[in-house]
Amino acid sequence: MNTQPPLAIVIGFSSTIGRAMTQQLLDRGWTVLGFSRRPVDLYHDNLHRMTIDFTDETSIEMAAGFARDIMASQKRTIDLILETAGMLHTDNIKPEKSLRDINMDAFLKVFQVNTFGPALVMKHFLPLLPRKKKTIFAALSARVGSISDNRLGGWYVYRASKAALNMLIRNAAIETGRRNKDAIIVGLHPGTVDSPLSKPFQSAVPEGKLFTANYSADRLLSVLDTLTPQDSGALFAWDGQRISP
Ligand SMILES: NC(=O)c1ccc[n+]([C@@H]2O[C@H](COP(=O)([O-])OP(=O)(O)OC[C@H]3O[C@@H](n4cnc5c(N)ncnc54)[C@H](OP(=O)(O)O)[C@@H]3O)[C@@H](O)[C@H]2O)c1
């Protein structure tokens with residue numbers, strides 16, 4: 001009988017939400033392979049780490065190779081892959097209020113982290129999924145990436161990067177489902193979470209709607225527990241609600 005604990009890969013685990021999800025998986029007894037661009041001050045015997053940069057495909061390929069080697073040496077298969085990095089603003093990039101504000105540099109930088117990076121992560125990590133086992137790949141997307149839900153406008157580049165991510169998730173779910181009928185590939189909306197990403201916009205958040213990362217992480221992991229292969233390709237919010245594309 002296999003008595004090994006479940007195994008998760010968390011890609012971008014230096015993010016506020018990724019770190020909280022990693023901590024909660026470790027608290028639940030999981031083994032975690034954590035990949036991040038910046039070192040994370042989180043230490044645990046069951047946490048193995050390596051660097052990854054979404055702007056560098058070689059680093060993503062090497063991270064997948066590291067995960068493959070660990071699984072082979074420990075004779076384990078993967079149970080869960082989380083992609084938790086993302087970008088909304090930087091010192092030089094502000095979410096656009098108008099078409100006038102769009103510029104190519106912001107487009108490229110935000111898409112690199114929110115869309116191109118996750119696509120390359122799927123390219124290199126989805127082949128690690130076992131063929132006959134329920135395994136989940138979940139990427140942190142955002143409700144603002146839903147086209148049908150968009151009533152406010154603005155945030156052109158971020159919205160477009162997450163809408164494109166949602167399409168990539170759907171595509172990868174279709175392709176992976178042909179190989180592994182038990183695989184579940186989904187996007188997740190974490191709610192509005194207190195983090196550097198949301199910091200400049202928190203004054204507009206209604207009372208009680210700004211979550212701690214721990215609360216969101218706990219809710220998201222509970223949502224993942226309920227998913228079935230029929231849910232593959234969809235986007236789910238922190239409360240389990242399915243968000244239409
Ligand atoms: N917070 C919210 O309210 C909210 C709402 C909806 C969706 N989300 C989504 O949830 C995810 C996590 O958000 P968060 O609030 O936890 O963000 P966060 O704390 O601001 O962290 C963002 C992360 O993205 C990483 N990153 C940026 N560029 C990277 C690159 N080139 N390669 C690898 N990693 C890179 C950063 O790495 P470094 O540590 O190296 O800088 C950082 O760990 C994002 O996808 C975000 O869009 C968040």
Side-chain angles (χ1 to χ4, degrees), residues 9-24 34-42 49-64 82-93 95 106 108-122 124-125 137-146 149-150 155 157-166 168-169 186-206 208-221 223 235-239 241 243:
I9 295 174
V10 186
I11 300 157
F13 89 112
S14 62
S15 75
T16 311
I17 302 168
R19 184 197 159 103
M21 294 181 91
T22 301
Q23 181 68 67
Q24 290 190 21
F35 300 99
S36 61
R37 183 174 61 169
R38 175 174 58 87
V40 187
D41 63 343
L42 177 62
R49 64 185 76 225
M50 195 182 158
T51 55
I52 200 165
D53 186 335
F54 280 16
T55 64
D56 173 12
E57 182 172 359
T58 305
S59 84
I60 299 173
E61 190 174 7
M62 285 174 68
L82 298 173
E83 186 283 296
T84 64
M87 181 189 285
L88 171 58
H89 61 88
T90 67
D91 288 348
N92 302 317
I93 297 172
L108 284 175
K109 291 213 164 81
V110 172
F111 263 72
Q112 244 175 349
V113 179
N114 291 354
T115 316
F116 307 157
L120 294 171
V121 163
M122 289 192 261
H124 291 289
F125 279 85
F137 176 97
L140 290 185
S141 183
R143 187 188 293 278
V144 297
S146 159
D149 192 73
N150 183 2
W155 293 20
V157 170
Y158 184 74
R159 282 185 188 276
S161 71
K162 293 295 192 179
L165 172 63
N166 294 341
L168 291 165
I169 288 167
V186 291
L188 295 174
H189 168 61
T192 305
V193 176
D194 186 8
S195 76
L197 184 141
S198 69
K199 200 56 110 197
F201 313 100
Q202 291 179 0
S203 60
V205 180
K209 294 287 184 194
L210 181 65
F211 300 154
T212 64
N214 271 336
Y215 177 76
S216 176
D218 178 65
R219 300 302 306 151
L220 293 173
L221 291 175
V223 171
L235 173 65
F236 290 90
W238 56 275
D239 57 359
Q241 184 191 59
I243 299 173

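Counting starts at 1 for both ligands and their atoms, in listed order. For reference, positions follow the sequence shown, starting with 1. These figures come from a predicted structure and were not determined experimentally.
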Tell me, please: is [X] in heavy-atom contact with ligand 1, that is, under 4.0 Å?
X	answer
Pro190	yes
Ser216	no
Lys162	yes

Do [X] side-chain atoms and [Y] backbone N/O form a donor-acceptor pair below 3.5 Å?
X	Y	answer
Gln24	Asp218	yes
Ser198	Val193	yes
Asn114	Met87	yes
Lys162	Leu140	yes

Relative to [atom], which among [options] owns the nearest non-hydrogen atom?
atom	options	answer
atom 31 (N) of ligand 1	Leu197, Asp53, Val121, Leu140	Asp53
atom 7 (C) of ligand 1	Ser141, Gly86, Gly12	Ser141
atom 27 (C) of ligand 1	Met87, Arg37, Met21	Arg37

At less than 4.0 angstrom from any non-hydrogen atom of [X], what atoms of ligand 1 do you find?
X	result
Thr192	3 (O)
Ser198	3 (O)
Ala85	24 (O), 25 (C), 34 (N), 44 (C), 45 (O)
Ala142	6 (C), 7 (C)
Tyr158	7 (C), 8 (N), 46 (C), 47 (O)
Ser195	1 (N), 14 (P), 15 (O), 19 (O)
Gly191	2 (C), 3 (O), 4 (C), 5 (C), 6 (C)
Thr84	11 (C), 12 (C)

Quiz item: Quick check: does Pro196 get an N/O under 3.5 Å from an N/O on ligand 1?
Solution: no
Exercise. Compute the shortest N/O to N/O distance between Ile52 and ligand 1 and return yes if it is under 3.5 Å, no if not.
Key: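 Between Ile52 and ligand 1, no N or O pair is found under 3.5 Å apart.
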Could you tell me the residue and atom name of the protein heavy atom closest to [atom], and the distance to it rounded to 0.1 Å?
atom	result
atom 43 (O) of ligand 1	Ser14 OG, 2.6 Å
atom 3 (O) of ligand 1	Val193 N, 2.8 Å
atom 19 (O) of ligand 1	Thr16 OG1, 2.5 Å
atom 32 (N) of ligand 1	Phe54 N, 2.9 Å
atom 39 (O) of ligand 1	Arg38 NE, 2.5 Å
atom 23 (C) of ligand 1	Ser15 CB, 3.6 Å

Self-check item: side chain to side chain contact (heavy atoms under 4.5 Å, CB included) partner of Ser146, chosen from Asn150, Asp149, Val144
Solution: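 When Asn150, Asp149, Val144 are each tested with Ser146, the side chain to side chain contact (heavy atoms under 4.5 Å, CB included) holds only for Asp149.
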Nearest heavy-atom neighbours spanning [X] and [Y]:
X	Y	result
Val110	Tyr158	CG1-CA, 4.3 Å
Arg143	Ala237	NH2-CB, 3.8 Å
Ser15	Thr84	OG-O, 2.8 Å

Self-check item: By salt bridge (charged side-chain N to carboxylate O under 4.0 Å, His left out) - contacts of Asp91 (at least two apart)
Solution: none
Quiz item: Relative to ligand 1, is Ile17 under 4.0 angstrom through side chain, backbone, both or neither, heavy atoms considered?
Solution: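 Both backbone and side chain of Ile17 come within 4.0 Å of ligand 1.
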Quiz item: More than 12 non-hydrogen atoms from neighbouring residues, nucleotides or ligands closer than 6.0 Å to CE on Met62, yes or no?
Solution: no
Does the side chain of [X] pick up a donor-acceptor pair with the side chain of [Y] at under 3.5 Å?
X	Y	result
Gln241	His189	no
Asn166	Ser141	yes
Asn214	Thr212	no

Quiz item: What residues form a side chain to side chain contact (heavy atoms under 4.5 Å, CB included) with Phe111, not counting sequence neighbours?
Solution: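 Partners of Phe111 under the side chain to side chain contact (heavy atoms under 4.5 Å, CB included) test: Phe107, Thr115, Phe116, Val157, Ala160, Ser161, Ala164.
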